[in-house]
Student: 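First the structure, then my questions, so here it is.
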Amino acid sequence: MLPFVLLLGIETSCDETSVAVVRDGRDVLSCIISSSKHDFETVGGVIPEEAARKQLEVMLPVLEKSLHDANVSPQDLDGVAVTSGPGLLGSLLVGTTAARTLSAVWGKPLIPVHHTLGHLSSVWLSELKNDVANDPLFPILTLSVSGGHTDIWYRTSHTKGSLIGSTKDDAAGEAFDKGAVQLGLGYPGGPALSRLAESGDPTVYKFPTPLHGDSSIDFSFSGLKTSLKYLLRDLGEKAHDPMCLQNLAAGYELAICKHLTEKLEVALLRFSDVKEIHIVGGVSANRTLRDNAHALGTRKSIAVRFPQNLRFCTDNGAMIASAGYFLVQEKPEMLHAQMKTSSTVRLEDVLRS
Ligand code: KG4
Ligand code: ZN
């Protein structure tokens, strides 16, 4: 066991500035998240330069609050983990520059972490102390669903695994965001569309489940977006009726969630030794997805886990500290890794089966 227990985690890959203190990759002592997403509600997406400018402003206050809430001082820390990519380049540079500086000034090791590896580790995060007994068991099938990717991983350890399925076009979060724009909702659309869907009836407007009956583990969401566009066109004025909008949102949301769980079921048939299913990333906060996945788990007698707290589903510094911890446990050479900030680095190149 490496003497490496208390990590600071910094995440700034998109519109969030988040700093967390995590012990042993699990216990979250603090996790501060400041988001500029409300600035982009009406423009339908993040403006990269604006996001980075805001991150520069809030980085130090977020850092100070994180250390204060965790009741630790820099000397107590064993290292600084930071998202090195992928993400918006300007945003990544704010986080990685802060991390490099802190690491040099405090004399602590710097651990570069792939953003998606952070999401994959978010299931380990706990607000209880020393929740080791509750640790997930490998091999794990992890569905990672966010605004930037929709992937299924077969993992035998934190650092070993292979990508077994991926989206051919949009990501699941993008499907939520683009559907929300069509329904007249703000950015980010996932939570707004999901709230609207809560009071709707998903059986009124039936959307086709993409790649239904196909034996691949791939995903595709662009057809759903087009179906919604044509439905709205055909409904004309009626589409402005609040009840109609709720029903459309419910049908659209259900189709996305059914597609995700159907492909998880195909993956389970192919990888019958898996002990658990994990669902991570922003879309894993979705209630309908959680219900559908739990129903699949009950039917297949397999444990299904999500991040324990909804704030660990979307981007946060705690998942980066957690991934940094497990990375160093399994690959101690990461302590001396050169950090390359990259907006496009692939997790397939980080994980090896
Ligand atoms: O993981 P994340 O915070 O950032 C990326 O790495 O992309 O995911 C953000 C995505 C957005 O597309 C957002 O609309 C979606 O997650 N999202 C949701 C929900 N909460 C966030 N989608 C559906 N239902 C939600 N409750
Ligand atoms: Zn993310």
Student: Can you tell me if His115 uses its side chain to pair, donor with acceptor, with the backbone of Gly87 under 3.5 Å?
Tutor: no
Student: Hydrogens and angles aside, do Glu16 and Thr314 bring a side-chain donor and acceptor to less than 3.5 Å of each other?
Tutor: no
Student: Using every non-hydrogen atom in the two residues, find where Asp24 and Phe326 come nearest and quote the distance to one decimal.
Tutor: O-CZ, 4.3 Å
Student: Donor-acceptor pair, distance only, cut-off 3.5 Å: does the side chain of Thr150 make one with the backbone of Ser166?
Tutor: no
Student: Apply side-chain hydrogen bond (donor to acceptor under 3.5 Å, both in side chains) to the pair Thr116 and Ser144, showing each step before the final yes or no.
Tutor: CA-CA 8 Å; Thr116 308; Ser144 174; 5.4 Å; no
Student: Could you tell me whether the side chain of Lys340 and the main chain of Ser84 form a donor-acceptor pair under 3.5 Å?
Tutor: no
Student: Mind checking the CG-CG spacing from Leu193 to Leu183? Nearest 0.5 Å is all I need.
Tutor: 5.5 Å
Student: Which salt bridge (Lys or Arg N to Asp or Glu O under 4.0 Å) pairs, counting each pair once, include a residue from residues 309-324, with sequence neighbours left out?
Tutor: Glu127-Arg311
Student: Does Lys300 reach the main-chain N or O of Leu269 with its side chain, forming a donor-acceptor pair under 3.5 Å?
Tutor: no
Student: Side-chain contact, heavy-atom cut-off 4.5 Å: Leu117 with Leu351?
Tutor: yes
Student: Return all side-chain donor-acceptor pairs below 3.5 angstrom for residues 225-240, not counting sequence neighbours, or 'none' if the list is empty.
Tutor:
from	atom 1	to	atom 2	distance (Å)
Lys225	NZ	Asp170	OD2	3.1
Thr226	OG1	Ser222	O	3.0
Ser227	OG	Gly223	O	3.0

Student: Got a second to check how far Leu102's CG is from Leu110's CG, nearest 0.5 Å?
Tutor: 9.5 Å
Student: Is there a donor-acceptor pair closer than 3.5 Å between any side-chain N or O of Thr142 and the backbone N or O of His278?
Tutor: no
Student: Taking atom types as modelled and ignoring hydrogens, do the side chains of His212 and Glu262 form a donor-acceptor contact shorter than 3.5 angstrom?
Tutor: yes
Student: For the CD1 atom of Ile10 and the CG atom of Leu63, what is their distance to the nearest 0.5 Å?
Tutor: 6.5 Å
Student: Got a donor-acceptor contact below 3.5 angstrom from the Ser284 side chain to the Gly281 backbone?
Tutor: yes
Student: Is there a donor-acceptor pair closer than 3.5 Å between any side-chain N or O of Tyr325 and the backbone N or O of Ala81?
Tutor: no
Student: Should Ser220 and Asp169 be marked as a side-chain hydrogen bond (donor to acceptor under 3.5 Å, both in side chains) after you check the CA-CA gap, both sets of side-chain angles, and the distance that decides it?
Tutor: CA-CA 6 Å; Ser220 169; Asp169 40 59; 2.7 Å; yes
Student: Below 4.0 angstrom, N of the basic side chain to O of the carboxylate: do Asp135 and Arg26 qualify?
Tutor: yes
Student: Establish, for the pair Arg290 and Phe306, whether the NZ or CZ atom is under 6.0 angstrom from the six-membered ring centre and no further than 45 degrees off its axis.
Tutor: yes
Student: Looking at side-chain heavy atoms only, is the closest gap between Val21 and Ser30 below 4.5 Å?
Tutor: yes
Student: With rounding to the nearest 0.5 Å, note down the distance linking CG in Asp218 to OG1 in Thr167.
Tutor: 8.0 Å
Student: What pair of heavy atoms forms the shortest contact from Glu253 to Ala197, and how long is it?
Tutor: OE1-CB, 3.4 Å
Student: For residues 269-278, pull every pair meeting salt bridge (Lys or Arg N to Asp or Glu O under 4.0 Å), keeping only residues two or more places apart or in separate chains.
Tutor: Glu276-Arg305
Student: Checking the side chain of Ser162 only, and the main-chain atoms of Ile164 only, is there a donor and an acceptor separated by less than 3.5 Å?
Tutor: no
Student: So which heavy atom on Leu224 is nearest to which on Tyr252, and how close?
Tutor: O-CE1, 3.6 Å
Student: With distance as the sole test, does His114 use its side chain to make a donor-acceptor pair with the main-chain N or O of Val345 at under 3.5 Å?
Tutor: yes
Student: Do the side-chain N and O atoms of Thr83 and Ser13 include a donor-acceptor pair separated by under 3.5 angstrom?
Tutor: no
Student: Working to the nearest 0.5 angstrom, can you tell me the gap between Asn316 CG and Ile32 CD1?
Tutor: 11.5 Å
Student: State whether Arg299 and Glu265 are salt-bridged, where the test is any N-O pair (Lys NZ or Arg NE/NH1/NH2 against Asp/Glu carboxylate O) under 4.0 Å.
Tutor: yes
Student: Any side-chain donor paired with an acceptor under 3.5 Å for Glu11 and Ser18?
Tutor: no
Student: Going from CG on Leu254 to CG on Asp291, what distance comes out if it is rounded to the nearest 0.5 angstrom?
Tutor: 10.5 Å
Student: Nearest heavy-atom pair of Val58 and Ser34: which atoms, and what distance?
Tutor: CG2-OG, 3.9 Å
